[in-house]
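Okay, structure first, notes after.
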Amino acid sequence: MPSHEHRIHAALDGFHIELPSWGFANTGTRFGKFLQPAAAVTIEEKFSDAGQVHALTGACPTLALHVLWDLPDGIGGVGEIERLSAKCGVRPGSINPNLFQDQQYKHGSFGNPDPVVREAAERHVADSVAIAKALRSRDISLWFADGSNYPGTANIRQRRTWFIESLRASHARLAAGQRLLVEYKPFEPAFYHTDIADWGMALLFARAAGPQARVLVDTGHHYLSQNIEQIVAWLLAEGMLGGFHFNDRRYADDDLTLGSIDPYQVFRIFHEIHAFAHETGALPDIAFMVDQSHNLKGKIEAMIQTVCVAQELYAKAALVDHVALADAQRRPDLVRAEGILQDAFATDVRPAIRDWRTGRRLPPDPLQTFRESGYLQRITAERGARQSGVSSYA
Ligand code: LRH
Ligand code: MN
């Protein structure tokens, strides 16, 4: 059995996590948004900040883009993205169409009773697929706010049929190697039914769409009592797990920083992935992504913290002895089996991770190095002057 240090280094060599452009911008809740002078507004600032996090951690080479927020001119913005990508050392990652903000989506997008709106939504996804092709991005990541707020106001089966039609039409536009990621969410902003509410609906929609569609698991999109790693185990077995949006929560889709509330949850998810790799002989092809909104924490510091915690939890899960675990599960020796996971989770992997960073000319403590870099002071001075008025709930 290779040493802990060796297994941690090997695991980290293969671990990349994509950052969300919107995680660097000012975000809030319906009760308000607290502005940070250093927050990124332009796509140049988002790439610059993501470039800082990648330069300090070596683990986040791609930036997820939200079409409406980052490419308001659509495919016309591709050249600028390529320029910024080369300048900041971060590639454009998953492309996220926005099918929830425009006024026309009040009663849904793919599920809207109005065929004109459904066509407009399909066109926006088609434009997003074209943007992904132009940027050589593999994934088009689909989340739908579609649903209803009151019983009887929506024909759920009719909307299901419309979704299948539009997902198939979107899938038909994909180039070889591209993927459609279908994200589910049980509620919010819809509070009676959501058209893609759980993993089963997302899986069936992805299957109906076509062979290049997969399911995206946002860790914040589950009822508190749901066993997320069991869903992950099933999606792996079905060959339908496309990726994750990692964040943490205490109550609902709180979008807090990964591992801040329940680090053992993320460890158990990573364990299912390592166990699948042990059983199949290869790591599954999954897109690890962050989807958080940093309403109070410094945005760049929260991202560095997130990447470092993700590395720690992934490294801990890589230490599980799968042969001993399989033996304990077979007996079954419950206490020993559980103990094997708990031992791995309790292992302090930070010294090995510091060595891994040093060995790759990365700072052993990325957060400390960021704080000493002066980058935050510089962008606060550069960006602070433009702060516009505070948005209010009503
Ligand atoms: C919806 C969601 C989705 C994104 C958005 C920013 O809650 O998780 O993935 O498009 O957050
Ligand atoms: Mn998400």
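We count ligands from 1, going down the list as the structure has it; atoms in each ligand are counted the same way. Sequence positions, counted from 1, serve as the residue numbers for this chain.
In terms of protein heavy atoms, atom 9 (O) of ligand 1 is closest to Glu183 OE1, 2.7 Å. Among all non-hydrogen protein atoms, the one lying nearest atom 8 (O) of ligand 1 is Asp291 OD2, 2.7 Å. Given atom 6 (C) of ligand 1, the protein heavy atom at minimum distance is Trp22 NE1, 3.7 Å.
Between Phe288 and Tyr314, the ring-plane angle classifies as perpendicular under the 30° and 60° cut-offs. In this structure, Phe187 and Phe191 have tilted ring planes: the angle between them lies in the 30° to 60° band. Taking the six-membered ring where tryptophan is involved, the planes of His322 and His278 are essentially parallel, since the angle between them stays under 30° and well short of 60°.
Close approach of ligand 1 to His245 is summarised as follows: ligand atoms under 4.0 Å from at least one heavy atom of the residue are 9 (O). Interface atoms of ligand 1 facing His221, defined by a heavy-atom separation under 4.0 Å, are 1 (C), 7 (O), 8 (O).
For NE2 of His107, the number of neighbouring non-hydrogen atoms (other residues, nucleotides, ligands) closer than 6.0 Å is 12 at most. Around the CZ atom of Arg249, the shell of radius 6.0 Å holds more than 12 heavy atoms that belong to other residues, nucleotides or ligands.
Applying the side chain to side chain contact (heavy atoms under 4.5 Å, CB included) criterion to Leu68, with sequence neighbours excluded, gives Asn98, Gln101.
In this structure, His66 has a heavy atom closer than 4.0 Å to ligand 1. Residue contact check for ligand 1: Asp218 places a non-hydrogen atom closer than 4.0 Å to it.
Between Phe100 and His66, the ring centre distance stays below 6.0 Å. Aromatic ring centres of Phe244 and Phe270 lie farther apart than the 6.0 Å criterion allows.
Residue contacts with ligand 1 for Lys185 involve side-chain atoms from C-beta outward but no N, CA, C or O (heavy atoms, distance under 4.0 Å). Contacts between Asp253 and ligand 1, counted as non-hydrogen atom pairs separated by less than 4.0 Å, involve the side chain only.
Within the protein, the number of N/O/S atoms found under 2.8 Å from the Mn ion (ligand 2) is 4.
Of the residues listed (Leu216, Asp218, Val217, Leu203), the one engaging Tyr184 in a side-chain contact (heavy atoms from CB on, under 4.5 Å) is Val217, and it is the only one.
No salt bridge links Glu122 with Arg173; every basic N to acidic carboxylate O contact stays at or beyond 4.0 Å.
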